[in-house]
Amino acid sequence: MKRSAAEILHEYGPFPGVDRVNGVTFDGQHVWFATGDKLNAFDPASGKTVRSIDVAAHAGTAYDGQYLFQIAEDRIQKIDPKTGHVLATIPAPGGGGDSGLAWAEGTLWVGQHRGRKIHQVDPQTGAILRTIESKRVVTGVTWVDGELWHATSEGDESELRRIDVETGEVQETLEMQDGFKVSGLESDGDDRFFCGGQTSGKVRVVRRPKRG
């Protein structure tokens with residue numbers, strides 16, 4: 001297993017009126033982050049908040065190219081980002097113990113916090129398609145270039161982990177060195193991870209390691 005310190009590229013926030021960052025996602029232009037009773041979007045070029053949707057936003061956030069998905073207690077909401085309307089809901093697999101959320105391969109990937117699992121879920125029905133076991137608490141989840149990464153935070157330690165999709169075996173870790181506890185996690189599709197900072201009210205950008 002490869003182990004290294006996370007390379008911090010940038011940090012946003014704390015944002016006005018934001019006590020906690022839960023889920024994080026990226027729509028190709030703006031970074032969306034969940035703060036409990038709102039979904040906010042900021043411009044990563046300027047760091048300024050540009051949108052806010054009043055909706056329950058207690059944990060992970062995802063974007064499928066058209067719609068936002070947001071964990072709210074024991075359910076996952078499908079949200080139209082243009083109108084802010086909740087279009088549909090499905091049950092969350094952890095029944096309220098859910099954390100990270102990601103979109104990949106036409107399905108949702110849901111972290112189960114203290115259950116130490118990642119579930120692949122049918123976005124239409126909420127049916128669990130498969131489950132990957134983790135040896136650590138799961139806080140955020142993201143996919144990029146066929147790689148599954150998840151964030152973990154236990155005690156004063158927090159890190160990003162690349163895992164084998166079939167076995168759950170940890171293949172690489174990026175360690176946060178300064179007590180920054182990662183909640184939501186999202187890739188920009190290239191070389192950056194956006195990391196929610198739990199009670200810090202911040203979003204941190206970490207470099208994704210290059211391959212080859």
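- With hydrogens and angles ignored, the 3.5 Å screen pairs no side-chain donor or acceptor of Thr35 with any backbone N or O of Val18.
- Between the side chain of His58 and the backbone N or O of Glu73 there is at least one donor-acceptor pair closer than 3.5 Å.
- Not one N or O on the side chain of Lys117 forms a donor-acceptor pair closer than 3.5 Å with the backbone of Val110.
- A cation-pi arrangement is not found for Lys78 relative to Phe69, the charged atom failing to lie both closer than 6.0 Å to the ring centre and inside a 45° cone about the ring normal.
- Counting only N and O atoms by type, the side chains of Ser52 and Asn40 include a donor and acceptor under 3.5 Å apart.
- There is a side-chain donor-acceptor pair under 3.5 Å between Arg3 and Thr173.
- Considering only heavy atoms from C-beta on, Trp149 stays 4.5 Å or farther from Ser187 through its side chain.
- Heavy atoms of other residues, nucleotides or ligands lying less than 6.0 angstrom from CZ of Arg114 number 12 at most.
- We find the OG1-CZ distance between Thr139 and Arg136 to be 10.0 Å, quoted to the nearest 0.5 Å.
- To the nearest 0.5 Å, atom CD of residue Glu7 and atom CG of residue Leu174 are 10.0 Å apart.
- A donor-acceptor contact shorter than 3.5 Å links the side chain of Thr152 to the backbone of Val137.
- Across every non-hydrogen atom of Ile90 and Gln124, the tightest pair is CG2-O, 3.4 Å.
- Side-chain atoms of Thr107 and Gln120 form a donor-acceptor pair, as typed in the model, at a separation below 3.5 Å.
- Taking the charged nitrogens against the carboxylate oxygens, Glu154 and Arg116 do have a contact shorter than 4.0 Å, which makes a salt bridge.
- Smallest separation of non-hydrogen atoms from Val165 and Ile132: O-CD1, 3.4 Å.
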Report task. Please step through salt bridge (Lys or Arg N to Asp or Glu O under 4.0 Å) for the pair Arg208 and Asp145, ending with a clear verdict. Result -> CA-CA 11 Å; Arg208 174 185 164 225; Asp145 292 340; 3.1 Å; yes

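- Using modelled atom types, no side-chain atom of Trp109 and backbone atom of Leu101 make a donor-acceptor pair closer than 3.5 Å.
- Phe26 and Phe194 have tilted rings, their planes meeting at an angle from 30° to 60° on a 0 to 90° scale.
- A distance of 9.5 Å separates CG of Leu108 from CG of Leu129, quoted to the nearest 0.5 Å.
- His30 is listed as a side-chain neighbour of Val50, based on a closest heavy-atom distance under 4.5 Å.
- Thr25 and Glu186 form a side-chain donor-acceptor contact under 3.5 Å, judged by distance and modelled atom types alone.
- Atom CG of Asp164 has more than 12 heavy atoms from other residues, nucleotides or ligands within 6.0 Å.
- Closest approach of Val21 to Gly197, counting heavy atoms only: CB-N, 4.0 Å.
- Side chains of Ser153 and Gln198 form a contact here, defined as non-hydrogen atoms less than 4.5 Å apart.
- Side-chain contact between His119 and Arg130 is absent, with no heavy-atom pair separated by less than 4.5 Å.
- In terms of hydrophobic clustering, with Ile, Leu, Val, Met, Phe, Trp and Tyr side chains grouped at heavy-atom distances under 4.5 Å, Met1 and Met176 are assigned to different clusters.
- The nearest pair of heavy atoms linking Ile128 to Pro93 is CD1-CB, 3.7 Å.
- No side-chain donor-acceptor contact under 3.5 Å links Arg204 to the backbone of Cys195.
- Follow the hydrophobic side-chain contacts under 4.5 Å out from Val182 and you reach Phe193 in the same cluster.
- Considering CZ of Arg161 and CG of Leu185, their distance stands at 13.5 Å, rounded to 0.5 Å.
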Requested in this report: Apply the test side-chain contact (heavy atoms from CB on, under 4.5 Å) to residues Val206 and Leu9: give CA-CA distance (whole Å), side-chain angles for both, the deciding distance (0.1 Å), then the verdict.
Outcome: CA-CA 6 Å; Val206 171; Leu9 301 178; over 6 Å; no

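- Other residues, nucleotides and ligands place no more than 12 heavy atoms under 6.0 Å from the CD atom of Glu157.
- Between atom CD1 of residue Ile76 and atom OG1 of residue Thr89 there is a gap of 10.0 Å, rounded to the nearest 0.5 Å.
- The same ILVMFWY cluster, assembled from side-chain heavy atoms under 4.5 Å apart, contains both Val55 and Tyr63.
- Within the structure, the ring pair (Phe, Tyr, Trp, His ring centres under 6.0 Å) test picks out no pair touching residues 74-102 (sequence neighbours left out).
- Between Phe42 and Phe33, the distance from one ring center to the other falls under 6.0 angstrom.
- Leu87 approaches Tyr67 most closely through the heavy-atom pair CD1-CE2, 3.4 Å.
- Listed for the Gln70 side chain is a donor-acceptor partner under 3.5 Å among the backbone atoms of Ala59.
- Proximity of Ile163 to His150: side-chain heavy atoms (C-beta onward) are separated by under 4.5 Å at one or more points.
- Note on Val141 and Val205: separate hydrophobic clusters, where clusters join Ile, Leu, Val, Met, Phe, Trp and Tyr whose side-chain heavy atoms are under 4.5 Å apart, directly or indirectly.
- Although no hydrogens or angles enter the test, the distance criterion places no donor-acceptor pair under 3.5 Å between the side chain of Asp190 and the main chain of Asp188.
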Query raised in the report: Under the side-chain contact (heavy atoms from CB on, under 4.5 Å) criterion, do Thr131 and Ile118 qualify, and how do the steps go?
Result: CA-CA 6 Å; Thr131 297; Ile118 299 170; over 6 Å; no

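- Side-chain contact check for Arg162 versus Leu148: every heavy-atom pair is 4.5 Å or farther apart.
- Dense packing is recorded around CG of Asp178, with more than 12 heavy atoms of other residues, nucleotides or ligands lying under 6.0 Å away.
- For the pair Asp122 (side chain) and Gly126 (backbone), a donor-acceptor distance under 3.5 Å is absent.
- Residues Ala34 and Thr61 come closest through the heavy atom pair CB-OG1, 3.6 Å.
- Side-chain heavy atoms closer than 4.5 Å link hydrophobic residues (I, L, V, M, F, W, Y) into clusters, and following such links, even through other members, never connects Phe180 to Tyr12.
- Taking CG of Asn22 as the reference point, atom OG1 of Thr199 lies at 10.5 Å (rounded to 0.5 Å).
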